[in-house]
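Before any comments, here is the structure.
On a predicted model such as this, the values are computed, not experimentally measured, just so you know. Residue numbers start from 1 in every chain, and the chains themselves are labelled A, B, ... in the order their sequence lines are given, proteins ahead of strands.
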Amino acid sequence: MLSQAFFDRPAPLVAPELIGKKLVRLQNGKRLAGIITETEAYQGQEDSACHAHVGKTKRNEVMFGRAATAYIYFTYGMHWLLNIVTDLPDMPAAVLIRAVFPVEGLELMAENRPMLADSQKWLNGPAKLTQGFGLTGALNGQDMLRPESEIFIEEGLILPQSLIQSSPRIGLGKTPEPWLSMPWRWEISWQEAYNRVNKENL
DNA sequence: CGGCCGATTATCT
DNA sequence: GATAATCGGCCGG
């Protein structure tokens with residue numbers, strides 16, 4: 001697992017370094033895992049796109065707590081989205097996990113949701129991966145560094161920074177500038193993830 | 001492949 | 001009462 005210090009930093013520093021790491025979920029003691037291929041950073045009350053922009057509320061309060069806890073919230077009336085809290089307490093920040101490349105527990109993922117496309121694309125969206133991993137608000141606030149945690153992150157691929165592309169965040173609606181165009185989304189191509197996962201036999 | 005659109009309800013004003 | 005850090009289906013090219 002990673003260290004507390006890794007997460008005790010601003011989200012725009014943590015988010016690109018999470019690309020290539022392995023997200024692991026224990027469901028009834030069985031491992032589900034995927035290589036993180038896409039993330040977004042939400043940093044502080046200043047950031048108009050960040051839920052913490054409006055101050056502390058019941059929904060976003062875990063973002064005001066210690067880093068490395070899971071922030072899992074409900075949206076669009078039907079979807080759960082997984083974030084990892086970062087930065088120091090009282091500096092609300094989080095990294096949204098937007099996509100992972102499936103590597104362990106594919107059978108269980110298929111039971112968790114109806115799977116349509118080919119298996120490599122099963123978890124290529126923030127709400128798809130929570131469904132495939134069986135994640136809901138039940139795990140909101142869970143410490144991802146505790147040994148008995150049901151969700152945590154392990155080292156995965158070692159990637160050169162040159163493979164990681166950044167661009168503006170997605171789905172922000174009428175968020176004002178400069179936040180709308182802030183290049184706080186990071187990703188690696190599926191082809192690259194596929195090649196590296198096979199080469200390193202993950 | 002790309003764009004548009006409806007679904008569905010917790011959360012906040 | 002309005003909005004939402006999305007998804008999948010349906011359309012046209």
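Going from atom CG of A:Leu123 over to atom C1' of C:dG8 covers 16 Å, rounded to whole Å. Between the CD atom of A:Glu187 and the C1' atom of C:dA5 there is a distance of 15 Å, rounded to whole Å. The nearest whole Å value for the distance from the CG atom in A:Leu180 to the P atom in C:dA5 is 13 Å. Computed from coordinates, the A:Leu81 CG to C:dT3 P distance equals 20 Å when rounded to whole Å. Straight-line distance from the CZ atom of A:Phe74 to the P atom of C:dC7: 13 Å, rounded to whole Å. One interatomic measurement links the two molecules: CZ of A:Arg185 to P of C:dT6, which rounds to 10 Å at whole-angstrom precision. Summarising the geometry, the separation between CD1 on A:Ile72 and P on C:dA4 is reported as 22 Å, rounded to the nearest angstrom. Atom P of nucleotide C:dA5 and atom CG of A:Leu82 are separated by 15 Å, given to the nearest angstrom.
When only modelled atom types and interatomic distance are considered, A:Asn124 and A:Lys128 share a side-chain donor-acceptor pair under 3.5 Å.
Contacts of A:Arg169 with the nucleic acid, taken as non-hydrogen atoms under 4.0 Å apart, are absent.
In this structure, of C:dA4, B:dC12, C:dA5, it is C:dA4 that holds the atom nearest to the side chain of A:Lys174. Distance from the side chain of A:Tyr76 is smallest for C:dA4 among the nucleotides C:dA4, B:dA10, B:dC12. Across B:dT13, C:dC7, B:dT9, the shortest atom-to-atom separation from the side chain of A:Lys128 is found for C:dC7. Candidate nucleotides B:dT11, C:dC7, C:dA4 were compared by shortest atom distance to the side chain of A:His79, and C:dC7 ranks first. The side chain of A:Met78 lies closest to B:dT8 when the candidates are B:dC12, C:dC7, B:dT8.
When the side-chain nitrogen and oxygen atoms of A:Thr57 are compared with OP1 and OP2 of B:dC12, one or more of them lie within a distance under 4.0 Å. Remark: A:Arg113 is in phosphate contact with C:dG8, judged by side-chain N or O atoms under 4.0 Å from OP1 or OP2.
Base pairing annotation: B:dG6 forms a Watson-Crick or G-U wobble pair with C:dC7, both donor-acceptor distances under 3.5 Å. Under the Watson-Crick or G-U wobble criterion, with both distances below 3.5 Å, B:dT11 is paired with C:dA2.
Look at A:Glu154 and A:Arg31 and you find a salt bridge, because one of the NZ, NE, NH1 or NH2 atoms lies within 4.0 Å of a carboxylate O, short of that distance. In summary, A:Glu40 and A:Arg98 engage in a salt bridge, as defined by a charged side-chain N under 4.0 Å from a carboxylate O. Checked for salt-bridge contact, A:Glu155 and A:Lys21 meet the test: a charged N lies under 4.0 Å from a carboxylate O.
Of the two residues near DNA chain C, A:Ala127 and A:Gly77, the one whose nearest nucleotide lies more 5' is A:Gly77.
Checking each of A:Arg9, A:Gln43, A:Arg66 against A:Asp87 for a side-chain hydrogen bond (donor to acceptor under 3.5 Å, both in side chains) leaves exactly one that passes, namely A:Gln43.
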